[in-house]
Amino acid sequence: MEVKKDVASSKTAKGFIRPHLAVTLFTLLVATACFLLMLFVLDRGEQRATREQEEKTRLLAHALENTVIRSFQDVIGRLNSIEEALILNPDLLAQDVDALNRILDDLLALTPSLREVVVHDSAGAWIASSRQRPPSDGAVAGKCNARLLQNNHLDYLILEPQPGRYLGGRSPRGNQQHIPVCVLLRDSLGLPFATATGVLNPDYLKELFRPAHEMNPVLLELYHYNGVLLVKGEGGAAALHDHLADLFRSSLKAREYGTYHQTLVTAHASSGNSVITSYRSTSPLPLVMLVHLDLEKGLSAWHQEARFVFWVFVALIAAVLMGGSVLAVALLRKYRMESEIQLLTAAISSTANAIFITDQQGKIQWVNRAFEKLTGWRLQEVRGQTPKVLNSGEHDRRFFHQLWVHILSGQVWRGQLTNTTRDQRNIIVDQTITPILNQYQEITHFVAVHEDVTARTRAEAQARFLARHDALTALPNRRSFAEALGDALAMDDAHLLAILFIDLDHFKTINDTLGHQAGDEVLRISTERMRGQLPDHALLARLGGDEFSVLIRSLNHTAEVQRLVEALLQVMAQPVQLGESRFSLSASVGVTFGQAGQDDAATLLRQADLAMYKAKHDGRNTFSFFDEKMDYAMHHHVKLEQGLRAALSQNQGLLLCYQPIIAAHNLQPVAVEVLMRWRNSAGEWISPAEFIPVAEGNGLILELGRWQLRELFERLNAWQQGALRGLKVSINISAVQLARDNIAEVLVAKMFQHGIRPEQLVVEVTETTLMTESTRLRENLDFLRDSGVSLSIDDFGTGYSSLSYISELDAHLIKIDRSFVQGIGKSHSDEEIILATIALARNLDMRVVAEGVEEGEQRDFLIRAGVDYLQGYLFARPMFESELTDFIAGCRRQLTATVLHD
Ligand code: C2E
Ligand code: CA
Ligand code: CA
């Protein structure tokens, strides 16, 4: 349930954008908005400032237009005043030129805008001038007269600027110019009679422009309607925009005005200057006033302001970005810390080890789920309690005292504890207690982690028990028995002790017939029975299989042991009831005595074992005490084994001999049986009947068998040419070899290697071998037969092999055991067995060999009975190769002689 809740909450958390990301996003948004707002404000500001400049230009043009008009009207008015003077005093024109000149001079003095005033008659002839002399050139006066007189309604004329300071001047210095203004003078009748020309000083007008120019980044120009520039104020060159030029060309109408934006290319800035141009054409006069405003300069105040606004915004954006990122980083840290804590909490909560955390006093503050599961205590039940709730009572106060001293010193404690759970079960835990220190190195908490090792510890104890005990009967096993015996013997009090070796009789039969479960049951019953008879100080152990052993320490008298053994045999001999079946049981017991400080365990165990074998030999269900003779036999056995090992490893003393086998019909040798001989290092001949069983017992037979085959096949190869050519060879192979070695393959391989035909070979296996249950053994035999090697069943009659298996085996020969042959003429039953065996062989289509033939009587009986081959001392003893060669040659010679004789 809790786990599900966690998952659900983590899912919803995922649904939201993480706070630090949200803040980052928001910050960027605000910063972008600020930036856009800044662009907007700056743009608006620029537009507004530009409009203001436009307005200013227009107002300036308007103001200047009035000023210019007033100036020109003043000039025209003053020139017209000459007309009044001449009407009042017509003589001035005809006689008193000097007076007229004076009047003109006075007029000039009153009009600062004029440099000169000149009067011509209607024919264009000079009359008077403020400078009292005629102009050097009369062209201008002529032009004025002509235009004014032609155009009757025209009262004045403003001409384009002329060179020089005065009328008709030649511009002696610099580029001085003047603007002639002509006025038509009429008499009292209204008829034109003269013209007055005022020479207007352009500098005067420039002076009028100056204040406007000085206060504003403007260039002022005054044009004539016809497009001629009359006056140009200071402040660089301006060229008319195409549009304006067009306007002038099409000639402006009175009172027209307007404003244009244009880009003027100046000498300094190739990119051009933005200029606002405002023009006004005046109505009474043919003049156009132009004001060009340099926008860059005009906006400079705004630009300064804009820079300020820009930096204010930059500061604002920077502040927003900085504040936002600080907040985002803080949130990110918090988020990471939170998820780290969440992770740690989840990890600790869900870890498999049980964990609890206590405060400095040892009061439990928190436990994880594994703890609740392991101990059965829930957090709310143990919070505030001490870990005493877990105390199982297994550890004393001192233990816990030491533990506390250890952890209070700031060290980690590790150890195994037995705790108890809520339902009073004991559990074993591997516990680690770690003190948690704060920054002042003071202990604030303890964290205890435990791993439940109950199962492991119990399994280990179980394994330890099993290593020393038998699982079936729970008795000590061979190892612990040997140890206990060793310990008892190691004591130096010279006490007497006895060892009993107990082996159940016919246990194998019970196992085979009733099954292993019944066998186990019998072992358990036997254990119980023996336990019931043994005194407390006796140690009963199971050594393996159906073998038991008893150690009796501190023995007072050997007679005690005899009574005990008799009682044991008696109780063991009681019948056993297992389900339906009831059967009798018995045991054989071997006993030996030892003395602490004198004997060694291995020897005593061997002695008891030997005594037990003696008891078995004596007919079972009895006991036997160990004596020295048994020991001798055992020593002999050990010496034999060592000697054989040495002989094999040094390839010394081992030999092969061969006993001929005779055909019954002509008494001629047809085969030899290969027999092993061993001469030990002391020069004694040891019979294979003695050393072969030993070699079979310890596995040396495998090596011995391989040696035999190696040796034999080398000889056989040589026989192919000599006197021994054509002799069959019969090889003995024991059950151990067949069951544990790939002897058949080795033999067949050697056969091919040495060029021997399979028909030349016979392998003898004893009848008891055939009774061994082993797949390998069967495979070996099948392989041999399938390779064409004949099989011979040796010592036939001594075992109880099944006839069905013998027929299945498809052997060639049956070898009647020597013991029956010896009974010929003495034991009727032996003779019967021989006859029955021969009959059986006939039925199974097998040949019969009789071995151990020593007497003529035996030979005759056997021949009469229909035996195929004979083997025995009567014909030949086992012999070495050289003797065999002589023997065979002798036989052949004899045969030839007989044939010739016949
Ligand atoms: P076995 O296979 O029954 O071999 C015949 C034994 O009877 C031989 O004893 C042979 O010397 C002996 N014997 C032959 N004729 C007579 C006789 O007329 N009277 C008496 N009393 N004995 C006779 P040996 O050589 O001592 O071999 C004893 C046993 O050792 C053999 O019995 C065989 O089981 C085993 N053995 C010998 N050599 C080998 C071998 O190379 N391999 C294996 N696996 N076993 C071998
Ligand atoms: Ca044999
Ligand atoms: Ca035999």
Side-chain angles (χ1 to χ4, degrees), residues 640 644 647-648 654-662 669 671-679 684-713 715-716 728-741 743-744 746-747 761-770 772 777 780 784 790-799 811-824 848-859 862 867 869-880 883-884 887:
L640 202 79
L644 196 59
L648 258 174
L654 284 166
L655 294 164
L656 291 183
C657 69
Y658 311 91
Q659 185 176 29
I661 298 172
I662 310 295
V672 289
E673 179 177 4
V674 186
L675 295 161
M676 229 180 261
R677 291 291 173 267
W678 175 34
R679 197 172 182 191
E684 304 159 326
W685 286 104
I686 318 285
S687 160
E690 198 176 331
F691 71 80
I692 292 285
V694 174
E696 284 176 338
N698 60 21
L700 269 181
I701 188 72
L702 302 182
E703 238 184 290
L704 215 53
R706 280 162 185 264
W707 172 86
Q708 174 215 44
L709 291 184
R710 250 195 335 266
E711 196 77 6
L712 175 69
F713 276 97
R715 298 315 318 140
L716 290 188
K728 290 192 178 193
V729 176
S730 203
I731 308 161
N732 291 288
I733 292 184
S734 83
V736 180
Q737 285 170 280
L738 290 165
R740 285 173 41 192
D741 208 355
I743 192 76
V746 175
L747 190 146
L761 298 182
V762 180
V763 164
E764 294 187 14
V765 289
T766 63
E767 194 192 354
T768 43
T769 295
L770 300 182
T772 314
L777 185 138
N780 266 314
L784 285 171
S790 304
L791 296 178
S792 173
I793 302 173
D794 203 357
D795 301 347
F796 191 82
T798 56
H812 252 75
L813 292 148
I814 282 183
K815 223 168 166 179
I816 299 173
D817 190 57
R818 200 165 65 229
S819 56
F820 302 108
V821 174
Q822 275 161 358
I824 293 173
V848 181
V849 188
E851 66 175 1
V853 184
E854 295 182 3
E855 291 158 19
E857 191 196 341
Q858 291 165 353
R859 176 196 57 200
L862 289 165
V867 161
Y869 306 102
L870 299 159
Q871 181 183 1
Y873 294 172
L874 178 67
F875 307 102
R877 287 185 173 252
M879 53 190 84
F880 295 118
E883 303 168 71
L884 180 68
F887 174 79

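Counting convention: from 1, in listed order, for ligands and their atoms alike. No experiment lies behind these values; they were computed from the predicted model shown.
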Numbered atoms and elements of ligand 1 in range of Gln708, under 4.0 angstrom, heavy atoms: 40 (C), 41 (O), 42 (N)
Nitrogen or oxygen atoms of Arg677 and ligand 1 under 3.5 Å apart: yes
Where the Ca ion (ligand 2) is the vertex, angle from Glu764 OE1 to Asn732 OD1 to 10°: 80°
Glu690 side chain vs Ser687 backbone, donor-acceptor pair below 3.5 Å: no
For ligand 1, the portion of Val853 having any non-hydrogen atom under 4.0 Å away: backbone
Candidates Val674, Thr766, Asp794 - the one meeting side-chain contact (heavy atoms from CB on, under 4.5 Å) with Asn732: Asp794
Proximal atoms of ligand 1 relative to Glu673 (non-hydrogen, under 4.0 Å): 2 (O), 4 (O)
Whether Phe691 and Trp678 hold their rings parallel, tilted or perpendicular, with breakpoints at 30° and 60°: perpendicular
Main-chain N/O of Gly797 paired with Asp817 side-chain donor or acceptor, under 3.5 Å: no
Exam field: side chain Gln858 to backbone Glu854, donor-acceptor pair closer than 3.5 Å: yes
Winner among Asp794, Val821, Leu738 once heavy atoms are compared against atom 2 (O) of ligand 1: Asp794
Atom of Thr798, atom of Phe820 and distance for their closest heavy-atom approach: N-CE1, 4.4 Å
Close side-chain approach of Asp741 to Arg706, heavy-atom, < 4.5 Å: yes
Residue part near ligand 1, for Arg877, under 4.0 Å between non-hydrogen atoms: neither
Name of whichever N/O/S atom of Asp794 is nearest to the Ca ion (ligand 2): OD2
Shortest heavy-atom approach to atom 15 (N) of ligand 1 - which of Gln659, Glu851, Gln871: Gln659
Heavy-atom proximity to atom 46 (C) of ligand 1, best of Asn732, Leu870, Ile686: Asn732
Ligand 1-proximal atoms of Asp795, by part, heavy-atom distance under 4.0 Å: side chain
Ligand 1 atoms in contact with Gly872 (distance to a heavy atom under 4.0 Å): 15 (N), 18 (O)
Region of Met676 engaging ligand 1 - heavy atom pairs below 4.0 Å: both
Name of the Glu673 atom (N/O/S only) found closest to the Ca ion (ligand 2): OE2
side-chain contact (heavy atoms from CB on, under 4.5 Å) partner of Met676, chosen from Leu655, Leu704, Ile686: Leu704
Ligand-residue contact atoms, ligand 1 with Ser687, heavy atoms, under 4.0 Å: 26 (O)
Salt-bridge contact Lys815-Glu764 (side-chain N to carboxylate O under 4.0 Å): yes
Contact summary for Gln871 and Pro660, nearest pair of heavy atoms: CG-O, 3.8 Å
N or O pair under 3.5 Å between Glu854 and ligand 1: yes
